[in-house]
Amino acid sequence: MKVALSWLKRHLDLSGISDDLADLLTFAGIEVEGISEMPALGSTVIAAKVVSAEPVPKTDHLNLCKVDIGDADYPAKDENNLIQVICGAPNCHAGMMAILALPGTELKEYQIKKAKIRGIESHGMLCSERELGVSEYHGGIIELSEDIPIGVLADELFDFPDTVYDLEITPNRSDLLGYVGICRDLSAKLSRSLMPRKPVSFNVSDAELKLGLHNEARDLCPRYTARIIKGVKIGASPLWLKLALIKSGIRPINNVVDITNYVMLETGHPLHAFDYDKLSPKDDAQGYPDIVVRNAEDNEEFIALDGKIYHLDGSELVIADGKRISALAGVMGSQYSGISEQTVNIVLESAAFHAGTIRRCSYRHKLSTDSSYRFERDLSASFADRISDRATDLIIELAGGTVCGELYDSYPKQETDLILGVRPQRFELLIGYTLPGDKIRDILENLGFSFIQYGDFVPGPIQDIDQIYCHHAEEMKQGITEFSELEDCQHAHYYRVPAFRKDIVREVDMLEELARLAGYDQVPRRVELQHIMDRHAYRVERKATDWLVDWGSYETLNYSFCDPAQMIQLGYQEEDLDFVRLINPQSSNQSVMRISLIPQLLTNMVYNLNHAERDIKLFEMAKTYHPHKKGHIEKKRLSAIFTGKISDDYWQDGGKKIDFFWMKGCFTGLLSVLGISFSSVDCDAPYLIPGESFSYVSEGHLLGSFGRLRPDVLEAWGVDTGSLKQDVWILDFNLEPIIELCRNTSLVYQDIPRLPSVTRDLSFLLAERYGYAEIQQAILALDPDLINGVEVFDEYRSKQIPEGFRSLSLHVILQDQEKTLTDERVDRLMDSVQKTLASKYDITMR
Amino acid sequence: MQEQLENLVSEAKEEIARASEPNDILNLKARYLGKKSLLNSLYTKMKDLSKEERPAFGNQLNQIRKQFEDMLTLRSTQIKEQSWQKSRGDMDASMPGYPLSRGSYHPLSIIRRQIDDVFLSMGFEIAEGNDIEDEFHNFDALNTPPDHPSRNLADTFYVEGGDLLRTQTSTVQIRVMENYKPPIRIISPGRCYRNDKPDPSHSPVFHQVEALVVDKNINMSHLQDTLQNFASIMFGEGVKSRIRPHFFPFTEPSAEMDISCVSCRGTGCRICKHSGWLEMGGAGMVDPAVFNTLGIDSEVYTGFAFGLGIERIAMLKYRIPDMRILFENDLRMLRQFRGEL
């Protein structure tokens, strides 16, 4: 639903808050789905009279217009004080009043300049609604009525600047389907009263014209009112009315129809006008027409005002005259009974219909109108007469005519007022904070509730005020006792619910109103979770240990103590070692807190070797302990020891042993899946063999190392390396920097390329002094946009290959995001790859 | 004699460097440090020198001896280390490591697990229910009016016999409340179905997680806290949550939950349509009518509930532009989630 700020201001003082209105609406529960600004047009957009309009020769639609802008300044006026403007609009004609944007005007989409069109000078533009940003309508230029003074600013005429809000009204709030309802919510939010509405002032004449009103579907039509107005003059609506509709997204049609729409937008309650003289009686002898509210008959035909024919199935509610259907009740009028330029006498309908019936009808016939949208949300019947009065008043004022007799009103079952109690204690219980009684009253009264009295709480609506008598009520009325003093007593404030709030039937519904309008931002946050836990670290630790388990490794747990001598055996120099020492160790080989997990993993491995295990993969995640100027620090490490075969024995595989590249995959794979970029450096661990071990760093942090264990270290642990005949590998992660380096990285999905990639293979001889990584980088660097990946898939050395060389085979994966790769382009690129490798690395292609 | 010494040192250096086996070291040791070595014979020549010259010469010989010993030890270690490395050959250490063929979970499961973790840590249990449900649990018990459009075939899938595919996992809340007495603290994650054509933001099959807490003295401030915890744990510490009034038939008061934009952190960008906020789902205090239907005394017990779309969370968190991507199961998409925690 579109609402214009300028119209909202007619019902509520919005001074000082216009800028925050969108937020205010949103936090009142009226979601703003879109905002369109209508900026001020400025002094160069004015009302002007088209004095003459002559077709431009050899064009089919252009007119050369002479335009009078009155006293407004413009340098290029001709001898008759007129301005020459070319206009292409179909409705442009001499004598019309229009809106002219002079050169220099900045419109939303256009910048108006002096221009030459077909060689003829044009000083400005006669504007359509869309060009001025009033609406999307572009069917012609705006035609103003003749009483608008020449030269008056468009801003003044259009109430610019203005803002239109597109609102989403939740289905429970039928009271928000008009400007007054929106303003009522805002008034409660802002604690400002609605402006009083203009009282009706029309006079009622004799019932010269009559009709017969027959409500034959009382269950589906709780109220039907009809009023006859005689002698109206159908014509265009005044500009203010047209604009009010246009800004709210409704096209103006004629004054009577526009007024019904205007009152619908204002009150939220749709109205309909029939041409009195088109309606027939049941019995021609009666002399005046009938209006029958009834169910449609099965297979009855209805011709809607747009000319479309609908076949009804009997479930629809219709408004008929004595002979045929005049309207699908609450949805759409008929073609024959609508208001036309010839209409003189009208019947104004203001009614209430069963919401479900309207909804089903609208759904079944795929006919959704401003009217059905409102009726299917259950409108109150109570106001049908007053809404009719409001429209009647405007019709008499703008279209003339006289009211014929009293209102025809079929209102079989009066809606009764609902009286509900609301307990402040219950608000606190449900919402979580205290709302003072006077604030409760302020909000509810601004919403249209009327306070009745205090009393003992009764769940559900009450009929009899005496039912809620409470001995405190009198005291409170006199101000002796405050509500807040009555904690133990389930006291309630009793209010009469306004009839337009059909959604309020229980205490909890009122509590929601209070919470909503006091503001959900007032609801405190009851802190139950302190975010003490480092969830990220927890997850990385889990991921890292899961990783090692996935690689076939078993977790070990060892004491936190260690033997300092074992660190020496690992190859550390005594002077470099610093321990947290125990005062009362159980033994000398458990005298210090460990600074490495490796010695015990070695012991664990040896233990298992001694129990005839040959293929061993063990890891431990634990802390190491280090003296520090402020006491001690503890660091998390993840270390592993591997030896033997990659997998358990299986009849189909050859029992491949763990080797350097398997270890490298295990170590670097974890860093990669965590999204950490890293580079290798010489290994710093004394127990690993140089050249077969690496340490890894990232952003200056040492992440850990892996490599093959020195046989002499093994021997120090009592292993006979001669009989072991297999390598032992160590892997050691420094967890803390790893946790930190991936802490704030977030995975961002990369679009899957639309086009297929192309893979080309490359085999060549390469001198041993060049590493693969170097070659890979060199190829990738050649065209990073096109070369998506380089993967090695074969390496071999043999007698056929010269000494000091090896053969490498690579996949080069090419991918263009924009266009399909042609063979020619791929060939050219591969050619340059070969040339580069040949010149830089002296390769020989195979 | 000095010349002789210099020759000896340079000769020893060369020979020791040439040694390639432990045996060579033993031979060289005998040759340069043994009884018959030249060095040893020079010690005997010391007596020919004058008393003044003797100490200096003795010192020199001792130094040379020490030098020989060191050189031999070092070379011996080198030979040992080389023997360890014999298997290495011409290994190029820069070749890629072994790629363990480890797969990954689907991004929706990753999100689902993260959500589970958040709520498990807050003391919630996980309750699952059936996808094929009846109208009572999917609509009636949740206060949906009998002629509400969401019950249409155009919106909801029905199976033969009158049952339907649940349109939200609130059905589980109802079943839990039917079978257990408060206090209740559950999340119900699972598949839901709506008769929407697949497009960038719709899927006929999608995933939701709903939370339900029922106890004495539960109020909106608990809801606020739970939502804020969810937002900051799922999207990062700086991400804020807010609620604003809305309408749902099964909660009163009802709210919509927003989080501050995960892309621009609230300053406004394309993803949040320049509002700084992203809509996350519906929430509210359980409507007393729902309690009454299930025989729970709404004067004694209160509760809150909320529902979140797992697809939306995944799409926001990983910037996945189109919901259909999530159901294509393209390996090039799935592979991207190998490392997600």
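In what follows, every chain begins at residue 1, and chains take the letters A, B, ... in the order their sequences are listed. In this text, all values refer to a predicted model and were calculated from it rather than measured experimentally.
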query: Arg360(A), Arg535(A), Glu168(A): which one forms the most heavy-atom pairs within less than 4.5 Å of chain B?
result: Arg535(A)
message: Do Pro96(B) and Tyr772(A) have side chains that approach each other closer than 4.5 Å (heavy atoms only, starting at C-beta)?
response: yes
- line: Ranked by heavy-atom pairs below 4.5 Å to chain B, first place among Met663(A), His536(A), Glu513(A), Arg797(A) goes to Arg797(A)
- prompt: Ignoring hydrogens and geometry, is there a side-chain-to-backbone donor-acceptor pair from Arg332(B) to Gln750(A) under 3.5 Å?
  reply: no
- prompt: Is chain A contacted by the side chain of Ser104(B), its backbone, both, or neither, given a heavy-atom distance below 4.5 Å?
  reply: neither
task: Under 4.5 Å heavy-atom distance to chain A, tell me which part of Phe248(B) shows up: side chain, backbone, both or neither.
output: neither
message: With a 4.5 angstrom heavy-atom cut-off, is it the side chain or the backbone of Met333(B) that approaches chain A, or both, or neither?
response: both
Proximity breakdown for Ala28(A) and chain B, heavy-atom pairs closer than 4.5 Å: backbone
- prompt: Using a cut-off of under 4.5 Å for heavy-atom pairs, which of Ile320(B), Ile233(B), Leu227(B) has the most such pairs with chain A?
  reply: Ile233(B)
message: Salt bridge or not between Glu715(A) and Lys80(B)? Use side-chain N to carboxylate O under 4.0 Å.
response: no
- prompt: Between atom CG of Asn172(A) and atom NE2 of His246(B), what is the distance when rounded to the nearest 0.5 Å?
  reply: 9.0 Å
query: Can you tell if the side chain of Pro288(B) reaches within under 4.5 Å of the side chain of Arg506(A), non-hydrogen atoms only?
result: yes
- request: Using a strict cut-off of less than 4.0 Å between a Lys/Arg side-chain nitrogen and an Asp/Glu carboxylate oxygen, indicate whether Asp225(B) and Arg526(A) qualify as a salt bridge.
  value: no
query: Can you say whether the rings of Trp662(A) and Tyr98(B) are parallel (under 30°), tilted (30 to 60°) or perpendicular (over 60°)?
result: tilted
Closest heavy-atom pair and its distance - Glu299(B), Arg426(A): O-NH1, 3.0 Å
statement: Pair count under 4.5 Å, heavy atoms only, with chain B: among Thr668(A), Asp659(A), Thr26(A), highest is Thr26(A)
- request: Find the one option among Lys216(B), His148(B), Met122(B), Glu340(B) whose heavy-atom pairs under 4.5 Å with chain A are most numerous.
  value: Glu340(B)
query: Which answer fits Asn152(B), side chain, backbone, both or neither, if we ask what part of it has an atom under 4.5 Å from a heavy atom of chain A?
result: side chain
- prompt: Is Arg516(A) salt-bridged to Glu252(B), cutoff N-O under 4.0 Å?
  reply: no
statement: Bottom line for Phe27(A): the part with an atom under 4.5 Å from chain B's heavy atoms is both
- request: Go through the steps to decide whether Glu279(B) and Glu31(A) satisfy the test side chain to side chain contact (heavy atoms under 4.5 Å, CB included), and finish with yes or no.
  value: CA-CA 11 Å; Glu279(B) 213 171 292; Glu31(A) 197 174 335; 3.2 Å; yes
message: When you measure from the side chain of Lys664(A) to the backbone of Ala93(B), do you find a donor-acceptor pair of N or O atoms at a distance under 3.5 Å?
response: yes
task: Give, as side chain, backbone, both or neither, the part of Ile325(B) having an atom under 4.5 angstrom from any heavy atom of chain A.
output: side chain
task: Check whether any side-chain heavy atom of Ser746(A) sits under 4.5 Å from a side-chain heavy atom of Tyr318(B), and report yes or no.
output: no
query: Roughly how far, to the nearest 0.5 Å, is CD of Glu528(A) from OG1 of Thr226(B)?
result: 6.5 Å
message: Tell me whether the count of non-hydrogen atoms from other residues, nucleotides or ligands lying under 6.0 Å of NZ in Lys240(B) goes above 12.
response: no
- prompt: Which bit of Glu768(A) is near chain B, if near means a heavy-atom gap under 4.5 Å: side chain, backbone, both or neither?
  reply: side chain
- request: Look at Leu674(A), Val673(A), Leu747(A) and state which one has the largest set of heavy-atom pairs under 4.5 Å with chain B.
  value: Leu747(A)
statement: Whatever's closer than 4.5 Å to a heavy atom in chain B on Asp503(A) counts as neither
- prompt: For the candidates Asn217(B), Asp322(B), Thr302(B), Ile243(B), which exhibits the highest count of non-hydrogen atom pairs separated by less than 4.5 Å from chain A?
  reply: Ile243(B)
- request: For Ser221(B) and Gly432(A), indicate whether the former's side chain and the latter's backbone hold a donor-acceptor pair under 3.5 Å.
  value: no
- prompt: Under a 4.5 Å cut-off applied to non-hydrogen side-chain atoms, are Leu429(A) and Asn219(B) in contact?
  reply: no
message: Quick one, Asp751(A) with Arg319(B), criterion salt bridge (Lys or Arg N to Asp or Glu O under 4.0 Å). Give me CA distance, side-chain angles, the key distance, then yes/no.
response: CA-CA 10 Å; Asp751(A) 267 330; Arg319(B) 315 279 156 84; over 6 Å; no
query: Just wondering, do Ile431(A) and Pro253(B) contact through their side chains at under 4.5 Å, heavy atoms?
result: yes
- request: Could you look at Lys317(B) and say if it's the side chain, the backbone, both or neither that has a heavy atom under 4.5 Å from chain A?
  value: backbone
- prompt: Which bit of Ser121(B) is near chain A, if near means a heavy-atom gap under 4.5 Å: side chain, backbone, both or neither?
  reply: both
message: So, taking the atom named OG1 in Thr170(A) and the one named CD in Glu256(B), what distance separates them when rounded to the nearest 0.5 Å?
response: 10.0 Å
message: Under the rule for ring-ring contact (aromatic ring centres under 6.0 Å, His included), what residues qualify as partners of Tyr433(A), not counting sequence neighbours?
response: Phe427(A)
query: Donor-acceptor pair, Gln228(B) side chain versus Arg525(A) backbone, under 3.5 Å?
result: no
field: Pair Arg542(A) + Asp117(B): basic N to acidic O under 4.0 Å
entry: no
- prompt: Is the shortest heavy-atom distance from the side chain of Phe247(B) to the side chain of Arg173(A) under 4.5 Å?
  reply: no
Exceeds 12 heavy-atom contacts within 6.0 angstrom, atom CG of Asn744(A): no
- prompt: Can you tell me how far the CG atom of Asp92(B) sits from the CD atom of Glu795(A), to the nearest 0.5 Å?
  reply: 6.5 Å
- prompt: Side chains of Met285(B) and Glu512(A): closer than 4.5 Å at any heavy-atom pair?
  reply: no
query: Most heavy-atom pairs under 4.5 angstrom with chain B, which of Val792(A), Leu511(A), Leu808(A), Asp509(A)?
result: Asp509(A)
message: Can you confirm whether Asp521(A) is buried at CG, in the sense that more than 12 heavy atoms of other residues, nucleotides or ligands lie under 6.0 Å from that atom?
response: yes
task: Among the options Phe694(A), Phe667(A), Phe661(A), Tyr520(A), pick out the one with the most heavy-atom pairs lying under 4.5 Å from chain B.
output: Tyr520(A)
message: Using heavy-atom distances under 4.5 Å, tell me whether Glu328(B) contacts chain A through its side chain, its backbone, both, or neither.
response: neither
field: Within-4.5 Å side-chain heavy-atom neighbours: Ile752(A) and Asp330(B)
entry: yes
message: Could you check whether any side-chain N or O of Gln224(B) sits under 3.5 Å from a backbone N or O of Val523(A), counting only pairs where one atom can act as donor and the other as acceptor?
response: yes
query: Between Arg710(A) and chain B, which part of the residue has a heavy atom less than 4.5 Å away: side chain, backbone, both or neither?
result: both
field: chain A contact via Arg242(B) - side chain, backbone, both or neither, heavy atoms under 4.5 Å
entry: side chain
